[in-house]
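Encoded as structure tokens, here's the structure I'll be asking about.
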Amino acid sequence: MALTVKPIAILDDNYAWFLRDEATGMTAVADAAEAAPVIAFVEKEGGRLDWLLITHHHGDHVAGIPEVQARFGAKVAGAAADAHRLPKLDVALKPGDSFALGDSTAQILDSPGHTLGAIAWHFPDGPAVLSGDTMFAAGCGRLLEGTPADMHGALQALGALPGETLVCCGHEYTLSNIKFALSVEPDNAALQAFAAKAKALREAGQPTVPTTIADEHAFNPFLRAKDVAELAARRAAKDNFR
Ligand code: ZN
Ligand code: FE
């Protein structure tokens with residue numbers, strides 16, 4: 001594994017992600033929305049930061065970038081389509097582009113639904129994918145800008161990645177997602193097992209992420225939706241689920 005990924009807990013329930021290409025020592029942080037914990041984490045990892053990566057424009061994914069950039073002099077990379085509403089980009093990427101973090105190269109995937117212009121970063125060398133607020137552990141993002149068809153397409157694209165790919169998502173929403181998922185598939189044994197594991201991890205103060213793409217195929221009710229209509233119905237039900 002040439003790429004190491006580690007979650008950084010920030011804000012109330014967000015994750016930034018620390019990435020290091022082990023061959024070159026180059027590092028990146030994705031979605032650095034809160035500067036202080038990201039700066040502390042990078043210092044602990046050796047004090048080198050080459051890149052700040054962005055999945056989408058929301059404040060809880062970008063707000064800390066100027067301060068982190070000022071501290072380490074890192075460059076910023078994000079979606080060209082959202083350049084007008086992102087921090088100033090040094091590299092603007094389109095779906096289908098690649099991005100090199102040292103010897104680890106990411107493929108940029110279009111990832112609409114939660115927002116239009118969102119991108120996912122697939123690093124086959126992790127293997128890992130930065131899924132932003134598109135795919136969560138056992139869940140998906142709210143449809144704030146895109147349609148159910150957008151989200152369905154984005155989830156299926158993530159689902160087509162190799163099963164061992166680590167899903168590095170933007171939030172610790174797992175327990176709430178599991179509660180909803182169990183209402184959809186109460187008899188899903190993989191989901192029941194993940195529910196027990198996630199509960200224990202949270203009680204121990206640990207992240208429940210990353211999961212893998214194979215995990216998500218086993219228990220994510222939005223990835224498992226058989227078509228756009230079923231995804232739409234499940235997303236609407238989740239929006240009103242308590
Ligand atoms: Zn968001
Ligand atoms: Fe978010």
Side-chain angles (χ1 to χ4, degrees), residues 5-19 28-38 41 52-68 76-87 89 93 95 108-122 128-155 157-158 166-181 198 202 207-211 216 220 222-223 231-232 234-236 238-241:
V5 297
K6 297 178 182 178
I8 311 171
I10 60 170
L11 303 174
D12 289 338
D13 55 20
N14 278 76
Y15 288 116
W17 289 88
F18 180 83
L19 299 87
V29 170
D31 289 358
E34 187 182 14
V38 168
F41 195 96
L52 287 154
L53 314 182
I54 302 170
T55 63
H56 68 294
H57 73 283
H58 285 154
D60 66 315
H61 298 260
V62 303
I65 285 175
E67 193 179 337
V68 177
V76 181
D82 273 347
H84 62 287
R85 56 183 184 175
L86 292 174
L89 298 179
L93 297 159
I108 305 303
L109 308 181
D110 195 14
S111 206
H114 176 66
T115 67
L116 299 177
I119 53 175
W121 302 67
H122 173 224
V129 64
L130 302 170
S131 65
D133 287 0
T134 300
M135 179 184 283
F136 297 129
C140 75
R142 286 177 184 265
L143 301 179
L144 300 181
E145 296 182 358
T147 63
D150 288 330
M151 179 59 83
H152 183 262
L155 290 176
L158 294 172
L166 299 173
V167 179
C168 303
C169 65
H171 287 268
E172 179 60 63
Y173 289 163
T174 308
L175 295 185
S176 155
N177 288 339
I178 287 171
K179 200 170 156 196
F180 173 74
R202 294 312 290 154
T208 60
V209 297
T211 55
E216 298 304 321
N220 187 315
F222 302 98
L223 182 61
L231 179 140
R234 288 179 179 182
R235 187 58 262 181
K238 174 73 164 75
D239 288 347
N240 298 302
F241 189 75

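Indexing begins at 1, ligand by ligand and atom by atom, following the structure's order.
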Ring center gap for H57 and H84 short of 6.0 angstrom |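 For H57 and H84, the ring centres are not under 6.0 Å apart.
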
Rounded distance [0.5 Å steps], CD in E216 versus CG in L223 =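 If I round to the nearest 0.5 Å, the distance is 7.0 Å.
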
Expected output: side-chain E172 to main-chain P207 donor-acceptor under 3.5 Å |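 Such a contact is absent between E172 side chain and P207 backbone.
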
When rounded to the nearest 0.5 angstrom, what is the spacing between CE in M135 and CG in L130?
->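 Those atoms lie 13.0 Å apart.
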
Give me the protein N, O or S atoms that fall under 2.8 Å of the Zn ion (ligand 1), sorted by chain and residue number.
->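 Those protein N, O or S atoms (cut-off: under 2.8 Å from the Zn ion (ligand 1)) are H56 NE2, H58 ND1, H114 NE2, D133 OD2.
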
Do you see a donor-acceptor pair shorter than 3.5 Å between the side chains of H58 and D133?
->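 Absent: no donor and acceptor within the cut-off.
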
CD1-CD distance between I8 and E34, expressed to the nearest 0.5 angstrom =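 Answer rounded to 0.5 Å: 10.5 Å.
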
Within 45° of the axis and under 6.0 Å from the centre of the six-membered ring of F222, does NZ or CZ of R234 qualify?
->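 Geometry flag: not set, cation outside 6.0 Å or 45°.
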
For the pair F180 and F241, name the ring-plane relationship: parallel under 30°, tilted 30 to 60°, perpendicular over 60°.
->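 Correct class here is perpendicular.
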
Straight-line distance of W121 CH2 to L19 CG, nearest 0.5 Å =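 Here the rounded value is 9.5 Å.
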
Taking the Fe ion (ligand 2) as the centre, count the protein N/O/S atoms lying under 2.8 Å from it.
->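 Excluding waters, the total comes to 4.
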
